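If you're wondering where the values come from, they're calculated on a predicted model, not measured in any experiment. Side chains included, hydrogens not; waters and symmetry mates left out as well; all remaining heavy atoms used.
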Amino acid sequence: MVKTGFKNILQILIILIFNNFLALLGAQNLTENKIVNDTIRKSDTIVVKKEQLESVVKTKADRIRNDIPKKMTYLNKDAQVQYQDMTIDADYISIDWDKSLVFARGELDSLGKITKPAVAVQGGKTYEYDEFTYNIKTRQAIAFNARTEESEGVIIAEKTKKYNDSVFFMKRGKYTTDEYFIKKKDTIADYYLLAPNIKLIKGKEKSQVITGPIQLYIEQVPTPLIMPFAILPFSDKRSAGILIPSFGEREDVGFFLNSLGYYQPIGEHFDLKVLTDIYTKGSWNLRPEVNYKKNYRYTGNFSADIGTTVRGIKGLADYSKTGTYRIAWRHQQDSKANPFLTFSASVDVVSNKFYNNTVNNNYAFNQNNLNAQQNSTVSVVKRFLTLPVTITGTSSYSQNFSTGLADLKLPLLNVAINQFYLFKPKTGIREGLLENITVNTGLNLNNYVQTNEGELFTKAMWDKMQTGLKNNIALGTNTTIAKYFTFSISANIDNALTTKTLTRNYNPVTNQIEDVLNKKIAGYSSFSTSTSLQTVLYGMLNFKKGSAIQAIRHMMTPQIGFSYSPDFSAPTFGYYKNYSNDRGEMTQYSIFDRGIIGSPNSGLVQALSFSISNNLEMKVKSKKDSTGVKKLKIFETLSFNTNYNFAAPQYKWSVFSFNGQTTLFNNLNLNTALTLEPYQIIFAPGEDRGIRTENFGRFSVQGFNAQLSYPLSDAIFGEKEELAKKYSKKGEIRNENYYFDDDDYAHFSQPWTLNINAQYGYTRNLTRFGNKVASVGLDGSLKLTPFWSLSGNLYYDVIKNENASTRLSFSRDQRSFTINFNWIPFGQYKVYDFFIGIKANILRDALKYKDRSFTQPNAPF
């Protein structure tokens with residue numbers, strides 16, 4: 001009995017030890033290897049093969065079966081295997097200990113389809129498979145229908161081979177950045193890129209996908225967008241990539257690819273972008289751009305737009321070939337870099353007919369072709385910690401496309417003294433006129449020339465350059481009189497020097513007035529002073545209780561003032577001279593005319609000014625307001641001003657000016673301006689320009705302007721009832737923005753905006769008929785569906801009876817990418833533009849459908 005029991009116990013112990021040996025086959029770690037190495041001397045000729053696993057293989061499952069003869073382990077239901085940094089979860093796992101192979105398979109349904117994939121986690125990355133085989137020793141694997149998430153996207157491949165922890169090879173791989181698909185809210189991606197062969201290279205800081213031919217599929221439909229290869233970088237850092245263009249047609253230059261190019265980062269602080277526009281009729285455009293940025297110091301870019309525009313057919317009368325250029329520089333210093341010294345630049349130099357000839361359609365869509373002027377400025381500002389002085393140095397360049405002339409200021413230096421009180425009290429409380437006297441002063445140095453493109457930076461330009469120096473001193477004070485009146489006094493002193501003076505003559509041969517600028521240093525001093533008295537009056541008109549109109553409040557701000565300035569045209573000053581005009585009459589002019597320092601006043605000024613500003617409001621009953629009363633603005637501002645010059649030999653009254661601004665019906669904005677001539681104007685027979693007479697009181701309209709704008713939106717028309725409260729059933733996946741009623745009809749919000757604009761202007765300026773301008777316009781947007789948007793504008797010139805500007809835009813939001821269509825159907829630039837753009841940042845840098853440069857807000861193009 002004892003021997004038999006001992007024999008059975010011994011057999012059981014042998015079996016348990018053998019099973020533990022199989023289960024802990026990987027437990028022969030480095031400690032054992034060290035022991036083996038220590039027992040074998042260097043002089044031994046026997047080499048021990050390393051067959052043991054480097055770590056323990058841990059397993060668990062609902063059902064575990066070991067096949068000892070075949071050295072196999074089978075795990076079923078909620079099976080898990082852990083080895084080093086890899087964890088495998090699957091419905092079924094088998095381990096071949098002899099070959100060191102782990103086979104895992106997802107959960108099957110009754111038809112043999114995978115309903116729940118197998119999952120492997122390694123190095124913080126999650127991989128999903130229908131089934132895969134993994135070699136524990138070599139760490140290689142083969143998987144089918146593998147799903148791998150990288151950065152903002154996911155790759156699904158029919159077959160994947162893991163060569164090592166860094167390199168994966170895939171066949172028929174699909175890549176998408178559709179968030180719904182990634183989060184498994186939808187089983188179908190709204191787009192994907194399909195490649196027959198993919199190589200995934202993983203690194204610690206950067207990974208990338210390299211493919212062969214790759215094609216874009218939208219809603220599982222293949223598109224003609226095919227590339228011979230693609231390199232998709234997965235990194236938070238900027239990376240190089242192709243810039244995908246838009247395409248379309250423009251009536252005058254043909255079909256096009258717009259903004260095709262390449263993006264290349266250069267170090268940590270620079271990047272380069274090169275874009276090109278290509279047209280079928282021969283036009284082309286090249287747009288290089290370098291961006292730079294240094295955190296907490298500065299940011300900016302250099303850019304150019306150089307091209308040739310070809311219109312018509314060569315050999316015919318309508319053929320033209322025009323070269324265009326644009327050079328720009330933007331620089332902005334960070335406010336944290338140096339608060340006492342700042343530098344900024346906004347340089348933009350273009351060819352004279354650039355906006356009318358460039359083939360960059362962005363200018364047409366943004367209506368830059370209507371620009372009449374282009375300005376460039378470079379400035380340096382110096383402040384001091386202990387001195388109340390600010391020094392500003394500026395250089396500017398202004399181009400006028402109508403005249404073809406350019407104004408260059410090189411440089412302009414301004415030294416400004418911070419405002420101070422001349423008699424500041426020790427207590428800090430200022431009272432009376434003396435203690436409230438403020439002084440503002442500064443020095444301004446200006447170098448100015450007006451030239452054209454051909455003379456720029458030539459001797460002819462430098463000869464015409466004018467230099468001027470001007471000092472201004474402004475004094476002012478105010479006090480309160482009799483509690484309700486504000487009394488103000490101010491004085492202004494100008495001292496100026498210039499290097500050019502004017503000589504004017506009439507040439508009877510050419511019948512022209514000739515101006516000659518003389519190289520002569522001259523200057524002047526001028527003085528003016530003014531005083532004013534102002535108060536505020538209130539009036540209230542109350543109506544009977546229960547009336548629809550509760551009250552009307554009127555606030556009036558009258559002001560009366562007096563100004564004085566000596567007559568600096570007197571011969572004793574020498575600032576003014578005379579010349580004989582075409583009728584032999586002596587005509588006065590200033591030797592500082594056409595200069596950069598201005599001219600002193602001509603004629604004695606002893607003028608009394610009048611102005612009245614009004615504000616009119618009304619209170620009405622309202623059920624919507626919690627107080628039961630609502631305020632309505634009749635006129636926010638209604639002002640009138642004129643002046644009477646006692647010293648003027650004639651026309652003592654100036655024109656009468658009226659200005660008004662109000663908002664009606666909460667949204668209707670109205671701005672008006674009216675100018676009345678108080679003296680009678682008579683016209684000689686056949687003459688279009690009239691002559692003022694001394695007949696006062698015969699008022700005539702010399703100018704009138706009215707601007708009307710009426711912004712409308714869905715929010716204005718009552719309170720919107722929330723769809724979530726009205727309908728209990730909400731859509732899912734692609735329909736999550738919809739709500740459904742009991743009959744399964746879809747409902748969704750449709751926000752919209754519509755701005756109605758109208759403008760009318762009339763200017764006469766002593767002419768017989770005057771000039772009129774009138775236009776009406778619409779611009780707005782409409783959300784047709786949660787995914788379709790429509791926007792555009794329409795402006796019509798009423799006087800010319802023609803369309804002034806029209807633009808229509810459609811956009812489609814496809815969750816992970818957008819489709820845009822822009823169209824200008826009328827006018828000089830009849831063009832349409834179609835573009836597909838992926839939203840994910842990872843593909844913005846790889847395919848660069850939309851530039852994502854770190855200086856994009858400052859980019860000029």
Side-chain angles (χ1 to χ4, degrees), residues 74-81 86-96 101-136 138-202 207 209-222 230 232 234 733 816:
Y74 303 96
L75 310 175
N76 286 278
K77 297 296 180 185
D78 294 329
Q80 186 181 85
V81 172
M86 174 172 281
T87 301
I88 302 170
D89 291 279
D91 183 63
Y92 169 80
I93 298 176
S94 66
I95 305 174
D96 188 331
L101 295 178
V102 177
F103 173 80
R105 188 194 65 216
E107 186 176 341
L108 299 174
D109 61 9
S110 58
L111 299 177
K113 293 183 178 179
I114 300 294
T115 57
K116 183 179 179 182
V119 178
V121 179
Q122 184 179 25
K125 288 286 186 179
T126 301
Y127 307 91
E128 296 182 1
Y129 317 91
D130 281 1
E131 60 180 52
F132 78 106
T133 302
Y134 177 69
N135 190 305
I136 299 175
T138 64
R139 302 176 70 89
Q140 295 180 344
I142 295 178
F144 297 91
N145 292 328
R147 177 188 174 105
T148 306
E149 292 187 15
E150 289 293 336
S151 188
E152 299 178 54
V154 62
I155 304 174
I156 297 179
E158 291 184 3
K159 184 178 181 180
T160 302
K161 181 178 180 180
K162 179 186 175 186
Y163 185 75
N164 53 45
D165 289 344
S166 301
V167 180
F168 296 76
F169 293 96
M170 304 176 183
K171 286 189 176 181
R172 288 196 59 82
K174 299 176 182 178
Y175 177 80
T176 183
T177 57
D178 183 0
E179 291 185 3
Y180 283 68
F181 184 77
I182 295 173
K183 295 177 181 179
K184 299 184 179 179
K185 295 170 66 175
D186 198 349
T187 57
I188 300 175
D190 59 358
Y191 92 96
Y192 57 83
L193 298 168
L194 175 64
N197 296 290
I198 296 177
K199 182 179 182 180
L200 172 62
I201 303 174
K202 300 174 64 65
S207 301
V209 162
I210 303 172
T211 77
I214 189 168
Q215 184 175 12
L216 175 65
Y217 281 68
I218 297 178
E219 301 290 357
Q220 303 188 82
V221 177
L232 308 181
F234 300 115
I733 310 175
S816 53

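Here the CG atom belonging to Asp96 is positioned 9.5 Å from the CD1 atom belonging to Ile136, to the nearest 0.5 angstrom. Note that CD1 of Ile214 and CG of Leu193 are 4.5 Å apart. Values are rounded to the nearest 0.5 Å. Taken from CD in Glu107 to OG1 in Thr115, the straight-line distance is 4.0 Å, to the nearest 0.5 Å. To the nearest 0.5 Å, atoms CZ (Arg147) and CD1 (Ile155) are separated by 11.5 Å. Here the CG atom belonging to Asp89 is positioned 11.0 Å from the CD atom belonging to Glu128, to the nearest 0.5 angstrom. Note: Asn197 CG to Met170 CE = 12.0 Å, rounded to the nearest 0.5 Å.
Ion pair Arg139/Asp165 flagged as a salt bridge, since at least one NZ, NE, NH1 or NH2 atom sits closer than 4.0 Å to an Asp/Glu carboxylate oxygen. Taking 4.0 Å as the cut-off between side-chain N and carboxylate O, Lys77 and Asp91 count as a salt-bridged pair.
Here the side chains of Glu149 and Ile182 are in contact, with some heavy-atom distance below 4.5 Å. Using a 4.5 Å heavy-atom threshold, the side chains of Ser94 and Tyr74 count as touching.
Remark: the backbone N or O of Tyr191 is paired with a side-chain donor or acceptor of Thr176 at under 3.5 angstrom. Checking side-chain atoms of Thr133 against main-chain N and O of Ile142 turns up no donor-acceptor pair under 3.5 Å.
When all heavy atoms of Ala143 and Tyr129 are compared, the closest pair comes out as CB-CD2, 3.0 Å. In terms of heavy-atom proximity, Ile93 sits nearest to Ala104 at CG1-CB, 4.1 Å. Shortest non-hydrogen contact noted between Lys113 and Asp109 is N-OD1, 2.7 Å. The nearest pair of heavy atoms linking Arg105 to Phe103 is CB-CE2, 4.0 Å.
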- Message: Please evaluate residues Phe168 and Thr148 with respect to the criterion side-chain contact (heavy atoms from CB on, under 4.5 Å), reporting the C-alpha separation (whole Å), side-chain torsions for both, the decisive distance (0.1 Å), and the verdict.
- Response: CA-CA 11 Å; Phe168 296 76; Thr148 306; 6.0 Å; no
- Let me see the working for Leu108 and Ile114 under side-chain contact (heavy atoms from CB on, under 4.5 Å), right down to the final yes or no. CA-CA 5 Å; Leu108 299 174; Ile114 300 294; 3.2 Å; yes
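Between Phe169 and Tyr163, the two ring planes are perpendicular [angle over 60°; tilted spans 30° to 60°]. Between Phe132 and Tyr134, the ring planes lie tilted relative to each other; the angle falls in the 30° to 60° range.
Here Lys185 pairs with Glu736 under the salt bridge (Lys or Arg N to Asp or Glu O under 4.0 Å) rule; sequence neighbours left out. Under the salt bridge (Lys or Arg N to Asp or Glu O under 4.0 Å) criterion, Asp78 pairs with no residue, sequence neighbours left out.
Annotation: salt bridge (Lys or Arg N to Asp or Glu O under 4.0 Å) contacts involving residues 166-182, sequence neighbours excluded, comprise Glu158-Arg172, Asp178-Arg815.
Around NZ of Lys161, the count of heavy atoms belonging to other residues, nucleotides or ligands within 6.0 Å does not exceed 12.
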